[in-house]
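All values below were derived from every heavy atom in this structure, side-chain atoms included, with hydrogens, water molecules and symmetry-related copies excluded. Starting from 1, each residue takes its place in the sequence as its number.
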Amino acid sequence: MNTKQLIEEAVSLPVEERAIVVDSLLRSLNQPESEIDKQWANEAKRRLSELRSGHIEATPGNDVFSKVWDRFEK
């Protein structure tokens, strides 16, 4: 399989699987070693778990950015 075929196959994956592929590739370029990186990874996993379990609800990005712009426009 050549690079073009690999990319085409990766792009055809569901979005969650593509995110895993991207994360894996980025980690191979810049492997996290520090304690802070580990803490951020744990925090991200915790937040994803809360979201998937229904303990928290996601806020649409447009709503978040709208609130940010409102704060700066005042």
Side-chain angles (χ1 to χ4, degrees):
M1 178 180 296
N2 64 35
T3 304
K4 183 179 177 183
Q5 291 169 324
L6 180 62
I7 292 170
E8 288 173 358
E9 189 163 334
V11 169
S12 71
L13 293 170
V15 71
E16 195 168 301
E17 290 182 29
R18 281 184 279 159
I20 292 169
V21 170
V22 169
D23 182 60
S24 297
L25 289 171
L26 288 173
R27 284 176 183 266
S28 75
L29 295 173
N30 186 16
Q31 296 181 357
E33 295 180 19
S34 73
E35 186 60 33
I36 291 174
D37 290 335
K38 290 176 187 175
Q39 289 174 2
W40 273 117
N42 288 337
E43 179 68 13
K45 289 176 186 176
R46 183 187 65 77
R47 290 180 185 193
L48 181 58
S49 176
E50 288 178 343
L51 184 62
R52 286 182 172 162
S53 70
H55 283 98
I56 60 169
E57 287 187 30
T59 302
N62 288 338
D63 293 351
V64 173
F65 289 115
S66 179
K67 289 178 183 178
V68 169
W69 284 116
D70 287 346
R71 285 184 185 175
F72 283 108
E73 290 175 353
K74 291 181 179 181

Report the hydrophobic cluster partners of [X], with the cluster defined as I, L, V, M, F, W, Y residues connected by side-chain heavy atoms closer than 4.5 angstrom, directly or transitively.
{"X": "Ile20", "result": "none"}
{"X": "Trp40", "result": "Ile36"}
{"X": "Val11", "result": "Ile7"}

How would you list, by chain and number, every residue that makes a side-chain contact (heavy atoms from CB on, under 4.5 Å) with [X], sequence neighbours excluded?
{"X": "Asp63", "value": "Thr59, Pro60"}
{"X": "Glu57", "value": "none"}
{"X": "Asn62", "value": "none"}
{"X": "Lys67", "value": "none"}

side-chain hydrogen bond (donor to acceptor under 3.5 Å, both in side chains) partners of residues 4-22, not counting sequence neighbours, each pair once: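 Only Glu16-Arg52 qualify under side-chain hydrogen bond (donor to acceptor under 3.5 Å, both in side chains).
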Quick one: CD on Gln39 to CG on Asn42, what's the gap to the nearest 0.5 Å?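 Rounded to the nearest 0.5 Å, the CD-CG separation comes out at 8.0 Å.
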Judged by atom type as modelled, is there a donor-acceptor pair below 3.5 Å linking the side chain of Ser53 to the main-chain atoms of Ser49?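 Such a contact is found between Ser53 side chain and Ser49 backbone.
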Taken in chain and number order and not counting sequence neighbours, the residues that satisfy salt bridge (Lys or Arg N to Asp or Glu O under 4.0 Å) with Arg46 are Glu43, Glu50
